[in-house]
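Input: a single structure, listed below in structure tokens.
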Amino acid sequence: MMRNPALSKLLLKLESINKNFAGRPVIENVSLSLQQGEITTLIGPNGAGKSTLAKIILGLIKPDSGSRVASSAVRIGYMPQKVTIDPTLPISTVRFLQLANASQQACHDALESLSINHLATTPIQNLSGGEHQRVLLARAILRKPNLLVLDEPVQGVDVKGQNALYKMINGLATSLNCAVLMVSHDLHLVMSATDHVICLNRHICCQGHPEQITQDPAFIDIFGQTTAVYSHHHDHDHNLHGEVLDETIHSHGADCHHD
């Protein structure tokens, strides 16, 4: 559910995006839009093109064809999968945040908003997995973005820590009234923190509310069955890796796009 529909607006849109690497298609005819106040989760197996699509959204790489249209008001905060820091370089958490050209006060405010200001003087190499991910999230919100792009934000965190991080991300979407795009390989734990899900395997296999997606044949082919099958329009079959097998047409009933 959109957190503040009255303030919702389109921040970024991709239309018919294609990207190849070394002649191999990585992204095929992908279109999507990111609305302020909405959490979108991009899921798919390894090699599905999720990180490539995130880099196109961030403007770090250009598509071979198609268009990326961003609002003039968009301010993007990015949380990478991980940041490698030389273990011989002594650097505190707050100093690490300041490397993003932010004031010390802004860094402390970001840490405080995630309830980790007590880690300000802790060497970043001494942080646990969950603490490290919270610091990366603090770094992403330093300039109060209205679009947060989070690449595997709970990587290396135990289940309890994952749930806590998802609650924080959900809270940020509300407090900052920002759009959130989370890249993940697993939907099971993000159900309660997601408004819209896009299942990617080079192309968009299916998309919709989390409850729909977990019952979608395309999702089940990739991730396994978690609930009863939800019938929908699906114009081809996938194998267990999500690859297209044939052009068999099925008569079902939900929102699934194939190009």
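Source: prediction; values computed, not measured. Only this structure's heavy atoms are used, side chains among them; waters, hydrogens and symmetry mates stay out.
Here the closest heavy-atom approach between residue Gly37 and residue Asp195 is recorded as O-OD2, 4.2 Å. Scanning all heavy atoms of the two residues, the minimum distance from Ile27 to Gly49 falls at CD1-O, 3.3 Å.
Every side-chain hydrogen bond (donor to acceptor under 3.5 Å, both in side chains) that Ser128 has, sequence neighbours left out, goes to Glu131. When the side-chain hydrogen bond (donor to acceptor under 3.5 Å, both in side chains) test is applied to Asp109, the partners found at least two apart in sequence or on another chain are Gln105.
Leu148 has its side chain within reach of Ile141: a pair of non-hydrogen atoms, C-beta onward, lies under 4.5 Å apart. Side-chain contact between Ile43 and Ile198 is absent, with no heavy-atom pair separated by less than 4.5 Å. The shortest side-chain heavy-atom distance between Asn177 and Gln36 falls under the 4.5 Å cut-off. At least one side-chain heavy atom of Leu136 sits less than 4.5 Å from a side-chain heavy atom of Phe96. Using a 4.5 Å heavy-atom cutoff, the side chains of Thr40 and Glu38 are in contact. Contact check for Ser31 versus Leu14: no side-chain heavy atoms found under the 4.5 Å cut-off. A heavy-atom distance below 4.5 Å is found between the side chains of Ile169 and Val180.
Around the CG atom of Asp86, the shell of radius 6.0 Å holds more than 12 heavy atoms that belong to other residues, nucleotides or ligands.
At distances below 3.5 Å, not a single donor-acceptor pair connects side-chain atoms of Gln155 with backbone N or O atoms of Glu152. Side-chain N or O atoms of Asn20 include none that pairs as donor or acceptor with a backbone N or O of Gly23 at under 3.5 Å. Using modelled atom types, one side-chain atom of Lys50 and one backbone atom of Gly44 make a donor-acceptor pair closer than 3.5 Å. The backbone N or O of Arg75 lies less than 3.5 Å from a partner atom in the side chain of Asn146, making a donor-acceptor pair. Checked by atom type and distance alone, the side chain of Gln81 never pairs as donor or acceptor with a backbone atom of Asp151 at under 3.5 Å. In this structure a side-chain-to-backbone donor-acceptor pair under 3.5 Å is missing from Glu28 to Arg202. Checked by atom type and distance alone, the side chain of Arg139 never pairs as donor or acceptor with a backbone atom of Ala100 at under 3.5 Å. For the pair Arg134 (side chain) and Leu165 (backbone), a donor-acceptor distance under 3.5 Å is absent. Within the 3.5 Å criterion, the main-chain N or O of Lys62 finds a donor-acceptor partner in the side chain of Lys19.
Under the 4.5 Å side-chain heavy-atom criterion for grouping Ile, Leu, Val, Met, Phe, Trp and Tyr, Val69 is not connected to Val149 through any hydrophobic cluster. Side-chain heavy atoms closer than 4.5 Å link hydrophobic residues (I, L, V, M, F, W, Y) into clusters, and following such links, even through other members, never connects Leu89 to Val94.
Residue Leu53 forms a side chain to side chain contact (heavy atoms under 4.5 Å, CB included) with just one option from Val183, Leu32, Val26, and that option is Leu32.
Under the 3.5 Å distance criterion, with hydrogens and angles disregarded, a donor-acceptor pair is assigned to the side chains of Gln207 and His196.
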Identify each donor-acceptor pair in which a side-chain atom of residues 111-124 lies under 3.5 Å from a protein atom, sequence neighbours left out, and give them as a table.
{"residue": "Glu112", "atom": "OE1", "partner": "Asn117", "partner atom": "ND2", "Å": "3.4"}
{"residue": "Ser113", "atom": "OG", "partner": "Ala110", "partner atom": "O", "Å": "2.7"}
{"residue": "Asn117", "atom": "OD1", "partner": "His108", "partner atom": "ND1", "Å": "3.0"}

